[in-house]
Amino acid sequence: MRTRTARHGSVAAVLFLALCAPTAVAAPVPRTQDTADASAAAESAGAALVARRAALAAASRGGGAAGLDFRACPAVEDLPSRVRCATLRVPLDYARPDGPQISLTVSRAAATGAGGAARQGALVQNPGGPGASGMYFPLVADLPGWERIAAAYDLVGYAPRGVGRSAPLSCTDPAARPRGPVQEPVHPSPSYKAERLAQARAYANGCARRAGAALPYYTTLNNARDLHVLRAALGEERLTFMGASYGTYLGAVYATLYPGHVRRMVLDSAVDPDPRRVWYRNNLDQARGFEGRWHDFRAWVARHHGTYGLGTTPAAVQAGYERVREAVARTPAGGTVGTGELRAAFLQAAYYDGVWPDRAAALAAFLRGDPSLLAAQAAPDPASAAEAENATAVYTAVLCNDAPWPADWATWDRDNTELARTAPFEAWANAFLNLPCASWPVRERRSPVAVGSQPERLPRTLVVAAERDGATPYPGALELQRRLGAGASLVTETGAGSHGVVGGRNGCVDRHVERYLLTGATPGWRVRCAPHPEPAPVSLDDGAAGARRALLPPVV
């Protein structure tokens, strides 16, 4: 389930904001129930042991966050001096708690105590992905609207296993990644599909070659166990957690495994946790969701025909986009932007309406003979190649390890051919992104966790969702709330679809979140907030168009 994150920029961006070979592909080997139960029991016992040790270490160092040795952050983290960093040692394999260890990087901004606020502990955040780093989360302490939360909580971010400097995973040499322009056909031919199948097999084999025996241990289950150990190392008996997109699934799995260690949870832009949908069907749903948001963008552009001149209907805007697509297929914009880069740039508009003015301006300028805005917005950044490869590798490993995927190309081809008839904008690109899972070289796949199957009742939790979110469609929020039980409250931003609702865009939503984090009170079973204002159009005469805000990093 792809999500996107940003290192800097708006708080929503800082926070969260995201098929095989026709021959000789071995299906995942199902484990016997006895073997699966024994393995799960060993891993559970190992995680409990490591968490107890971490809690004892925290207590021996004076409690609070003293179980971790927070010091000045390494320069590579690019964090200000007020943010401190530490490393957390966890087992690669929880069934062997004293076996090979890996180090996870952790960041923290201590509670300010402003206004005499009493410290409530640590608020730990996961920004999604999987494959995104939360090391920048403590920076929200400086953003408007976060003063009271930052006064009461230590703001704690971390890079999950495989991400950044946390036992980094890579499946190919970043220098070998396509530099562009990438040309994608509207209707992939059998030969093009065969080419993508070969690329997917090569990528999956690269993951196995580079990760070696560690590859099976990049999973949501292990991410949840790592979170359990981090909680203990922070000196917290119960976890206060904020997760976005994939982070909602991680939080839900944690709550299922460790219900007695949940204090408060804010789960923003929810992944559908139904085991039958994790992860293959979730990605089919996502492509449908993106199609809806692509329509929303085009409808907004049409409403601002007076500014952009792209037509008064979504269909007219689509026609303009197709003309641009045909042009960059012949002559890449700036020499680097082909149809693949074009689609990726406009996929950002399906995630966040904040980029709508820039994308519309780039489209209009191109059709008037100026490709420079489009080239500036869509060209890949070579400086981010290593980070992008790391994010893609972790995303792929976690999703492929988490659940069985169809191993036969016929299933992928049938499902995505049908899907592309009604959701053409992202259907095939999404399929090809996930295609390594069909030939994934880890033979024993996990069964997805049955979220909500915990025997004890959870404390109050807060689910937040945008009604027209494309990356994590709204039915997932309804399913997550149902599985979390009677104590789960759902706050819906109606008529909106930007991915990652919490954090400065919608005051109604943020008031509910702040009240919950500070008091534990939820607003009721289901409450609705009016949508945040749509972005204002930007005139083509505005020379700053396309340069006012930093582009978000590549989708992972």
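To the nearest 0.5 Å, the span separating CD on Gln125 from OH on Tyr153 amounts to 14.5 Å. Distance check: Leu267 CG to Asn126 CG gives 10.5 Å after rounding to the nearest 0.5 Å. For the atom pair CH2 of Trp146 and CG of Asp510, the computed distance is 7.5 Å after rounding to the nearest 0.5 Å. Annotation: the span from Leu155 atom CG to Arg108 atom CZ amounts to 10.5 Å, rounded to 0.5 Å. Interatomic distance, Arg277 CZ to Gln286 CD, rounded to the nearest 0.5 Å: 12.5 Å. Going from atom CH2 of Trp279 over to atom CG of Asn434 covers 10.5 Å, rounded to the nearest 0.5 Å.
Note on ring orientation: taking the six-membered ring where Trp is involved, the planes of Phe290 and Tyr351 are tilted (angle from 30° to 60°).
Contact of the Pro424 side chain with the Trp294 side chain is not registered, since no non-hydrogen atoms from C-beta on lie closer than 4.5 Å. Here the side chains of Glu184 and Arg325 are in contact, with some heavy-atom distance below 4.5 Å. In this structure, the side chains of Leu79 and Ser107 come closer than 4.5 Å at one or more pairs of heavy atoms. Looking at heavy atoms from C-beta onward, Arg264 lies out of side-chain contact with Pro459 at the 4.5 angstrom threshold. Looking at Tyr308 and Pro537, their side chains come closer than 4.5 Å, going by heavy atoms from C-beta outward. Glu77 is listed as a side-chain neighbour of Thr105, based on a closest heavy-atom distance under 4.5 Å. Put simply, the side chain of Asn283 reaches to within 4.5 Å of the side chain of Leu399, judged on heavy atoms. Residues Leu230 and Val106 meet the side-chain proximity criterion, which asks for heavy atoms closer than 4.5 Å.
No more than 12 heavy atoms of other residues, nucleotides or ligands shown are found within 6.0 angstrom of CZ on Arg281. In the displayed structure, Arg148 atom CZ is contacted under 6.0 Å by at most 12 heavy atoms of other residues, nucleotides or ligands.
Looking at every heavy atom in both residues, Ala530 comes nearest to Asn506 through O-ND2, 2.7 Å. Here the closest heavy-atom approach between residue Ala427 and residue Asn416 is recorded as O-OD1, 3.7 Å. Nearest heavy-atom pair, Ala375 versus Val337, reported as atom, atom and distance to 0.1 Å: CA-CG2, 4.0 Å. Across Ala270 and Leu480, no two heavy atoms sit closer than the pair CB-CD2, 3.6 Å.
Between Ser166 and Tyr158, the side chains place no donor N or O within less than 3.5 Å of an acceptor N or O (distance only, hydrogens not considered). Side-chain contact of Asp358 with Gln377: a donor-acceptor pair under 3.5 Å is absent, judged by distance alone. Side chains of Asp353 and Trp300: a donor-acceptor N/O pair is absent below 3.5 angstrom, by distance only. For the residue pair Arg231 and Tyr258, no side-chain donor N or O sits within less than 3.5 Å of a side-chain acceptor on the partner.
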What's the verdict on side-chain hydrogen bond (donor to acceptor under 3.5 Å, both in side chains) for Asn223 and Tyr246, showing C-alpha distance, side-chain angles and the deciding distance?
-> CA-CA 11 Å; Asn223 285 340; Tyr246 168 77; 3.0 Å; yes

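Remark: Arg323 engages no residue in a salt bridge (charged side-chain N to carboxylate O under 4.0 Å, His left out) (not counting sequence neighbours).
Counting only residues at least two apart or in different chains, salt bridge (charged side-chain N to carboxylate O under 4.0 Å, His left out) contacts with residues 286-298 comprise Asp285-Arg288, Arg293-Asp296, Asp296-Arg468.
Taking the six-membered ring where the residue is Trp, the centroids of Tyr321 and Phe346 are separated by under 6.0 Å.
Under a 3.5 Å cut-off, the side chain of Gln481 and the backbone N or O of Trp525 do form a donor-acceptor pair.
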